[in-house]
Amino acid sequence: AQSVTQLGSHVSVSEGALVLLRCNYSSSVPPYLFWYVQYPNQGLQLLLKYTSAATLVKGINGFEAEFKKSETSFHLTKPSAHMSDAAEYFCAVSKGNSGGYQKVTFGTGTKLQVIP
Amino acid sequence: EAGVTQFPSHSVIEKGQTVTLRCDPISGHDNLYWYRRVMGKEIKFLLHFVKESKQDESGMPNNRFLAERTGGTYSTLKVQPAELEDSGVYFCASSRGTEETQYFGPGTRLLVL
């Protein structure tokens, strides 16, 4: 079984401040981990993914995440928030190395508000 | 390359009516997934097609939901009869072969009154 916990359903940061969105996962096998973003009135867009290569993963729009096995975490960070980062962010996990055909388990989402 | 498309973008129906949602995956993607997000909850897996075959339908809520993917191209998800608790956003996603990344469509927002 696999699960994802996102701490904080709402996070507010000032423009220019560090963005830190927390995600912890549970998986019985080495996981694949993802962060998706949903901008208002749009679909889910892949920000970045971890698939057992480098533990520090860089994504689009200046975001990155670090896979920490010992902490079962995959927190999302961005050094300096921009107004356009306001969106809802979803952490997700799937079973790695299962040859595809794998369902993704999502966290409950974190809405990021950026204050001017 | 066109992304995953879903139709309609919004649907408002009354309890007891039937609604059919459509998903067109990215061309060449054999895998097609349906997910649902009920308001305030997490996005949950409904089912997975590989081409025209249902690979995993463990997330389908009940027999009021019927998904098809005739010919292995687009898919439809029918809800009949719709209940209030079926309201939410229905997402479709697709992926190639054994690729781990799923590409999501914009979703269909369903409201059952």
Side-chain angles (χ1 to χ4, degrees), chain A residues 1-10 23-27 29-53 57 59-60 67 74 87-111, chain B residues 2-10 21 23-26 28-51 53-60 67 69 88-109:
Chain A
Q2 54 194 32
S3 65
V4 174
T5 301
Q6 290 185 243
L7 294 177
S9 58
H10 291 79
C23 172
N24 289 88
Y25 71 91
S26 171
S27 178
V29 298
Y32 288 162
L33 293 158
F34 308 84
W35 276 99
Y36 283 88
V37 60
Q38 185 178 23
Y39 297 103
N41 301 315
Q42 295 188 29
L44 293 169
Q45 180 180 359
L46 181 68
L47 264 183
L48 49 80
K49 63 182 178 184
Y50 166 78
T51 58
S52 75
V57 181
I60 61 172
F67 172 70
F74 191 57
E88 189 162 18
Y89 293 79
F90 296 90
C91 183
V93 63
S94 69
K95 292 181 182 177
N97 298 322
S98 66
Y101 313 150
Q102 52 201 282
K103 61 186 177 186
V104 175
T105 299
F106 285 86
T108 49
T110 298
K111 288 186 179 177
Chain B
V4 176
T5 57
Q6 294 186 244
F7 182 82
S9 59
H10 294 77
L21 314 181
C23 168
D24 286 78
I26 294 172
H29 283 194
D30 288 340
N31 295 299
L32 188 149
Y33 304 82
W34 282 98
Y35 292 84
R36 176 175 74 170
R37 189 185 192 196
V38 172
M39 186 174 292
K41 302 285 185 66
E42 69 271 31
I43 300 168
K44 282 194 171 179
F45 168 84
L46 295 179
L47 88 159
H48 167 218
F49 284 99
V50 176
K51 297 184 181 178
S53 299
K54 291 177 185 174
Q55 186 77 13
D56 180 358
E57 50 184 332
S58 61
M60 293 288 264
R69 193 182 181 195
V89 181
Y90 290 77
F91 291 102
C92 175
S94 71
S95 70
R96 279 188 208 93
T98 58
E99 182 182 7
E100 68 279 350
T101 300
Q102 296 178 20
Y103 299 88
F104 282 76
T108 293
R109 284 149 185 80

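Keep in mind that the numbers below use all heavy atoms, side chains included, and drop hydrogens, waters and symmetry copies. Note that this is a predicted model, so its numbers are computed, not measured. So you know, we letter chains A, B, ... as the sequences are listed, proteins then strands, and number each from 1.
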To the nearest 0.5 Å, tell me how far [X] [atom1] sits from [Y] [atom2].
X	Y	atom1	atom2	result
A/Thr108	B/Ile43	OG1	CD1	10.0 Å
B/Arg37	A/Glu88	CZ	CD	4.0 Å
A/Thr105	B/Phe45	OG1	CZ	9.0 Å
B/Gln102	A/Tyr32	CD	OH	12.5 Å

Subject >> Neighbour count >12 (heavy atoms, 6.0 Å) for atom NZ, B/Lys54 >> reply: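 Yes, enclosed.
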Smallest separation among heavy atoms of B/Arg109 and A/Gln42, with atom names: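 Distance-wise, the nearest heavy atoms are NH2-O, 3.9 Å.
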Query raised in the report: How close do B/Phe91 and A/Leu44 get, heavy atom to heavy atom, and via which atoms?
Result: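 Residues B/Phe91 and A/Leu44, closest heavy atoms: CE2-CG, 4.2 Å.
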### Message
Taking the side chain as everything from C-beta on, heavy atoms only, tell me whether B/Thr101 gets closer than 4.5 Å to A/Phe34.
### Response
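Yes, close enough: below the 4.5 Å cut-off.
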Practice problem: Examine distances only and state if a side-chain atom of B/Tyr35 and a backbone atom of A/Val104 form a donor-acceptor pair shorter than 3.5 Å. | Solution: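 Between the backbone of A/Val104 and the side chain of B/Tyr35 there is a qualifying donor-acceptor contact (under 3.5 Å).
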A/Gln45 versus chain B, heavy atoms under 4.5 Å apart: side chain, backbone, both or neither?
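Interface part for A/Gln45: neither.
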_Under 4.5 Å from any heavy atom of chain A - which part of B/Ser58_ =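 Contact with chain A: side chain only.
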